[in-house]
Each structure stands twice: as C-alpha cells, then as structure tokens.
Amino acid sequence: MIALLARDLRLAIRAGGGFGLALAFFLIVVTLTPFAVGPNTATLSLIAPGILWLGALLACLLSLDRIFALDWEDGALDLIATSPLPLEGAAAIKAAAHWLTTGLPLTLAAPVLGVLLNLPPPGFLWLALSLALGTPALSVIGTFGAALTVGVKRGGLLMSLIVLPLYVPTLIFGAEVARRGAEAQAIATPLAALAAISLACVALLPFAAAAALRVNLR
Amino acid sequence: MSLWEYANPTRFMRVTGAALPWLWALTALCLAVGLTWGFFFTPDDFRQGSTVKIIYLHVPSALMGINAWLMMLVTSLIWLIRRHHVSALAAKAAAPVGATFTLIALATGALWGQPMWGTWWEWDPRLTSFLVLFLFYLGYMALWAAIEDPDTAADLTSVLCLVGSVFAILSRYALVFWNQGLHQGASLSLDAEENVHDVFWYPLLVCIAGFVLLFVALVFLRTRTEIRARRIKALETRARMSAA
Amino acid sequence: MSSPAAASPPLHSATTSFDTTPEPLRLAGLAVARGGVPVLAGLEAEVVPGEALILRGPNGSGKTTLLRTLAGLQPPAAGTIAPGAEAMAYASHADGNKATLTVQENLGFWARLHGLADIAPALAAFDLAPLADRPAAALSAGQKRRLGLARMVLTRRPVWLFDEPTVSLDRDAVARFAAAVTEHLCRGGLAVIATHIDLGLPHARTLDVTPFRATAAPGDAAHAADAFADDDGSAYL
C-alpha cells in the first residue's frame with residue numbers, strides 16, 4: 001500500500017499537475033470573487049467562509065478525473081487489480097494520495113486567501129480546521145465518482161454531475177463551521193457532524209469505489 | 001408460483017401487456033375524479049383561499065418524486081443481489097418519471113409559495129431537498145446514458161443509487177440543520193393532531209391513488225420499451241454471430 | 001515444439017519462491033463473454049506445473065477475453081477455473097508503466113506491490129540494467145515491452161498469463177523472453193501465452209481456441225445466460 005502511495009505522490013510531483021493546478025485555480029476563484037460582488041470589505045468578510053469553502057470544493061473537483069483515468073489508460077489499473085493489494089485498499093490509497101496533493105495544500109492555502117477576502121480574525125482557525133476535516137470526505141467521495149466514471153471517455157463533466165450532489169452535506173456542515181467560527185458562534189454541532197461525515201466516508205466509500213472499479217474492469 | 005417469475009422478461013411482457021389498458025383506464029378515472037373534486041367541489045381555505053387547491057398536484061407529485069427513488073433503490077438492490085434484468089431496466093425506466101414528478105413538485109411549490117410566502121423560491125429545507133433530489137436524478141440518468149454495455153451500466157447505476165440514497169438522507173438532515181424553514185408541517189401523517197380537514201383529505205387521497213397508478217403505468221410502459229430494445233440487441237447479436 | 005535438450009523439469013524444486021504452491025491449471029466447461037456477448041464456450045484444458053499452454057486463434061477469437069477471465073478481472077460466463085486468481089500474474093497488451101518514472105522506479109513499485117524488494121533478477125532477465133536510470137518515456141517500443149515483461153519476474157505468482165508478449169520485440173529480446181519463461185517453468189511455474197510465433201519452449205502444448213468459439217445456434221449454452229434471447233418472441237410484439 002505504501003508503494004502505491006509513494007508512486008502516486010512521486011507521479012504528482014513529477015507531472016506537476018497535482019499540487020500546482022488546484023492551488024492556482026483556488027487562487028483565481030478567490031481573486032475573481034470581489035470582481036463579481038464588489039470590493040466592499042463588509043460584504044466580502046460576510047461571504048468569505050462560504051466562498052473559500054466553495055472554491056476549495058471546486059478546486060478539489062478539478063483534479064478528480066486524474067485519480068483513476070491515467071492508470072486506466074495505460075493498463076496499470078488492470079495490473080494493480082490482479083496484484084495482492086485488494087482494490088478497496090487501492091481505492092483508499094488513491095483517495096489518500098489525492099488528499100495529500102490537493103486537499104492538504106488547499107487547507108493550508110485557505111487561511112492565506114482568507115486575508116484577501118477580509119475573513120474576520122476568529123475565522124482563520126475554524127476555516128482551516130473545517131477544511132482539514134472536510135477535504136478528506138471530498139477526496140473519498142470524489143474517488144468514488146471517479147471509479148464510477150473511469151470507463152467513460154471524457155467523463156469529467158459526467159463525474160461532476162454525479163459528485164457535486166454528493167458533496168452537499170459536507171459543504172453544508174463545513175461551511176457552517178467556518179461561518180460560525182468567523183462570527184464567533186458555537187461550532188460544536190456542525191463540527192461534530194462534519195467529522196462524522198468525513199470519518200464515515202473514509203471508512204465506507206472505498207468499498208463502493210472498489211465495487212465500481214471491479215465492474216468497470218470487467 | 002413465486003414473485004421472481006415476473007423477472008423473466010417474456011413473462012413480464014405478457015403480464016404487463018395485458019394489464020396496461022386497465023391500468024391506463026383506472027389512472028384516467030382516478031385523476032379525473034380526484035382533480036375535478038379537488039379543484040371544483042371543495043371549499044376555499046379560510047387562510048389560503050383558492051391557492052390551497054394546488055395541493056392536489058403538489059402533494060401527490062412530491063410523494064411520487066420520493067417514492068420513485070425508493071422504488072429505484074429496491075429494484076437496484078434486486079438487480080445487485082439476484083441479477084434480474086427486468087429489475088435493472090425498471091430502475092432505469094423509473095428515473096425520468098421520478099425526475100419529472102420531482103420537477104412538478106418544485107414548480108407547483110414555487111407557484112404556491114409566491115402568494116403564500118411572497119416569493120417564488122425560498123431556500124426552505126423541504127424545497128431545497130427536492131432540488132437536491134432532482135440533481136441526484138440527473139446524475140443517475142446521465143450515468144445510464146453514458147455507459148454503453150447494459151450490464152455494466154446497470155451495476156454502476158445501482159451502486160450510485162445505493163450510495164446516493166444514503167447521501168440524499170444525509171443532505172435532508174444537513175438542510176434542516178442549515179435552515180429551519182417556512183414550509184408547513186406534514187399534512188398527511190396519520191398520528192398528527194392537526195391534519196388537513198376531511199373535505200380536502202378525501203379528494204387528495206383519490207389524487208394520490210391516481211398519481212401512483214400513473215407512475216406504475218408509465219414505468220410499465222417504459223420498462224416494456226427498454227425490454228424491447230434489449231431484445232432487439234440480443235437478436236442483432238445472434239444474427240451477427242450466425243453470419244460470422 | 002519442445003527442444004530436445006530440455007529434460008523433464010525439476011518440479012517443485014523452488015516452490016518457496018511462489019506465493020502459492022504451483023498446482024495444475026484446470027479449465028472445465030469454461031465459457032467467457034465480452035460485454036455480455038459470449039465469445040468462447042466449452043473450453044477444457046489441463047496444464048501441469050512446468051508446462052506452458054500456447055493459445056492460438058485469429059484476431060478477435062477471444063484470446064484476450066480468456067486471459068482476462070483467467071486473471072480474475074472478469075467472471076467466467078460458465079464453467080470453472082482452478083486455481084483461483086491469486087495464483088495468476090497477468091501481462092496485458094498495455095504495460096502499465098509510467099513515463100515519468102525510471103525503469104528502476106517502475107519495477108521497484110511492482111516489486112513492492114508484490115511484497116519483494118530486490119528488482120535485480122528482473123533487470124537481469126530482460127537486460128534492463130543499462131537502462132535502469134532512464135525514464136520510461138525515453139525507452140523505445142521494444143525496450144518498453146521488455147520493461148513490461150520484466151514485471152512478471154517480480155510477481156511470485158506460479159501462473160504467468162501473457163497476451164501477445166512479443167509485439168515490437170526484436171529477435172534477441174524474444175530469445176530473452178523465451179529464456180525467462182523457460183526458467184519460470186523449470187522452477188515449477190506454469191504459463192499461458194497467446195502468441196503467433198514459436199518460442200521454442202520445452203513442454204509446451206498448443207490450444208487453438210477456434211473450435212470453441214461460441215455459436216449462434218439456438219439452445220447453445222453460451223446463450224443460456226442471455227435472458228432476452230429465448231426463441232419464443234411473441235410476447236415482445
């Protein structure tokens with residue numbers, strides 16, 4: 001399992017697509033927001049938690065179709081499927097690699113971008129914490145979506161259509177933690193719900209993703 | 001004779017072929033009686049006036065929007081466990097019907113909301129849940145459409161239906177938490193103290209029966225179409241193989 | 001087919017080098033399907049450890065589908081395969097190697113995936129040591145193929161499945177490949193190879209899949225699985 005994780009991380013670094021693109025996309029979304037809603041700092045600080053969450057979510061979505069597509073095209077997925085590593089494990093590792101190359105950098109970048117949107121000071125910690133808890137769920141749900149659509153040529157749009165509705169609960173609780181944190185309200189309930197969703201997704205969805213992969217490999 | 005024998009496509013075609021004309025007749029009767037009764041022979045509500053009459057469309061279509069997804073969940077499970085092709089095709093056939101009912105529920109909800117709440121759209125948890133449910137239908141149908149091999153498509157959409165059901169329920173709770181909502185409480189629960197009055201209740205029941213029958217008839221019709229399409233494919237394959 | 005120099009292979013001499021003990025490969029009444037369409041039916045074969053099975057048949061006759069079924073990537077439409085997929089190592093048309101990784105890194109990944117650390121035997125068997133530090137993108141087609149085949153040495157699986165392994169290999173590389181397979185057989189392994197050229201392997205037998213192609217005859221076992229292909233079509237009208 002470590003071997004697969006190491007290889008995927010190495011590939012992400014060599015190809016350059018992993019870390020850089022999602023972060024650049026996130027930066028652009030945050031930069032464009034004031035152009036769309038106006039430079040009023042009061043407005044911006046009101047919508048900052050939501051925009052940062054939405055931007056991180058979309059940046060995450062952007063790189064999902066690479067999770068399995070490359071290994072599918074060059075036949076590596078066939079060979080991994082016939083190796084001693086169970087497909088459930090492979091799916092979990094793929095999700096972990098996606099999180100390390102996308103979710104983690106986004107989480108670290110979000111507070112910096114929060115400055116641009118005039119995020120209120122109490123919000124920085126909760127924004128980072130909510131993203132740290134929520135982005136693993138985004139990666140695992142996305143891995144499931146990528147596993148479903150890996151056999152479809154140019155399946156990126158289809159995958160977005162499937163994955164985005166699945167992101168609804170994570171987005172609601174994650175953005176709620178960030179918003180309440182920014183407004184210095186009680187965050188215990190949404191934080192617990194977000195953690196529960198994230199843990200349940202990480203525990204269960206690799207099985208669904210592996211089932212979908214098996215069907216696609218047939 | 002067990003229920004599973006209807007999973008044989010030939011038998012399913014025979015039974016539904018015989019049943020469909022009766023089903024259509026019963027559907028037309030129920031809808032005609034229910035809607036006429038509801039629209040023209042019930043009093044106006046003392047608060048809501050005549051706008052309340054939209055419940056004869058809104059409530060049954062909302063019910064069927066959810067029930068269609070439940071039916072897809074059950075048929076998907078049957079496909080995954082027992083590999084009955086008719087079951088998978090019935091799930092495929094039900095999706096656009098369920099999506100349409102959900103859309104009708106959303107549209108009538110907006111029409112009702114305008115005079116009642118003063119706005120066409122309110123991000124109320126119930127309305128929003130239906131919007132999210134509609135998105136789930138779209139994703140499900142798009143996945144069916146995108147995959148060529150019918151068994152692969154049936155397997156993948158079934159997995160999506162299962163996972164999607166869990167996430168649909170999660171979304172429902174998340175939305176209730178997110179916004180407390182304007183929508184009135186359930187009108188039809190059997191144990192609630194404050195239900196709709198009998199005068200509205202009986203025509204509504206007839207309408208719901210009509211919508212259920214309409215759903216069953218449409219799903220039968222569409223499943224028959226899907227089965228015929230599969231039959232054509234099977235015959236083409238056989239013809240190609242005897243030519244080779 | 002078999003070269004005179006090769007005596008009966010020393011069976012089970014080095015079985016500890018396999019994840020599972022080599023046992024005979026048995027196909028009984030095997031039928032395979034591609035995309036729901038039956039391709040081959042009624043396959044019977046038995047291969048003992050130390051023996052290779054050469055699959056022959058025209059393009060599109062179902063050799064790849066058969067190999068994928070043996071590898072456990074798809075379930076058989078009918079019949080049985082023994083032993084299970086955990087005894088099989090599969091080399092498909094595609095090599096699954098990454099262009100940005102070096103030869104050494106690619107092989108190292110596959111080795112660790114199969115619980116090994118040392119890639120030297122694979123480098124030696126396919127003469128890849130001089131290329132070890134070169135990225136796979138910089139290899140020629142034949143070198144890429146050698147890299148793909150070298151992976152099999154690192155699998156520790158007793159049954160090797162090859163799909164057209166010699167495509168784009170030169171004569172020298174084909175000889176190396178044959179030598180690697182021969183060594184595998186001598187250690188008590190088995191091999192199933194879809195190929196059109198004569199590899200000169202000891203103890204090889206040939207199976208032409210053409211007679212097993214699924215037919216369109218009504219009542220054919222291959223069609224029993226298709227619920228929509230029964231003969232009485234009146235209900236569909």
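These numbers were taken from a predicted model, which means no experiment stands behind them. Here is how names work: the chains are called A, B, and so on, in the same order as the sequence lines, proteins then strands, and each is numbered from 1.
Note that CD1 of Ile147(B) is 8.5 Å distant from OG1 of Thr149(A), once rounded to the nearest 0.5 Å. Note that the OG1 atom of Thr189(A) and the CZ atom of Phe177(B) stand 5.5 Å from one another [nearest 0.5 Å]. The CD1 atom of Ile162(A) sits 11.0 Å away from atom CZ of Phe136(B), with the distance rounded to the nearest 0.5 Å.
Only the side chain of Ile141(A) comes within less than 4.5 Å of a heavy atom of chain B; its backbone N, CA, C and O stay farther away. Proximity to chain B (any heavy atom under 4.5 Å) is shown, for Val215(A), by both the backbone and the side chain. The parts of Leu148(A) that come within reach of chain B are both its backbone and its side chain, each placing non-hydrogen atoms under 4.5 angstrom from that chain. Of the two parts of Ile172(A), only the side chain, counted from C-beta on, holds a non-hydrogen atom closer than 4.5 Å to a non-hydrogen atom of chain B. At a 4.5 Å heavy-atom cutoff, the contact between Arg180(A) and chain B is made by side-chain atoms alone.
Side-chain rings of Tyr167(A) and Phe167(B) stay apart, their centers remaining 6.0 Å or farther from each other.
A 6.0 Å sphere centred on OH of Tyr173(B) holds no more than 12 heavy atoms belonging to other residues, nucleotides or ligands. Heavy atoms of other residues, nucleotides or ligands lying less than 6.0 angstrom from CG of Leu157(A) number 12 at most. Heavy-atom neighbours of Trp126(A) CH2 from other residues, nucleotides or ligands within 6.0 Å: at or below the threshold of 12.
Among all heavy-atom pairs drawn from Ala174(B) and Pro169(A), the shortest one is CB-CA, 4.0 Å. Of all non-hydrogen atoms in Leu158(A) and Ala142(B), the two that sit nearest each other are CD1-CB, 3.3 Å. The two atoms that bring Leu135(B) and Pro165(A) nearest to each other are CB-CG, 3.8 Å, heavy atoms only.
Residue with the most contacts toward chain B among Gly151(A), Ala193(A), Ala208(A), Pro190(A): Pro190(A) (heavy-atom pairs, distance under 4.5 Å). Among Val166(B), Leu143(B), Leu133(B), the residue with the largest count of heavy-atom pairs under 4.5 Å with chain A is Leu143(B). Looking only at heavy-atom pairs under 4.5 Å with chain B, the residue among Thr170(A), Leu171(A), Val168(A) that has the most is Val168(A).
Side-chain contact between Thr152(B) and Asn216(A) is present, with at least one heavy-atom pair separated by less than 4.5 Å.
Using a 4.0 Å cut-off between a side-chain N of Lys or Arg and a carboxylate O of Asp or Glu, Asp151(B) and Arg218(A) do not qualify as a salt bridge.
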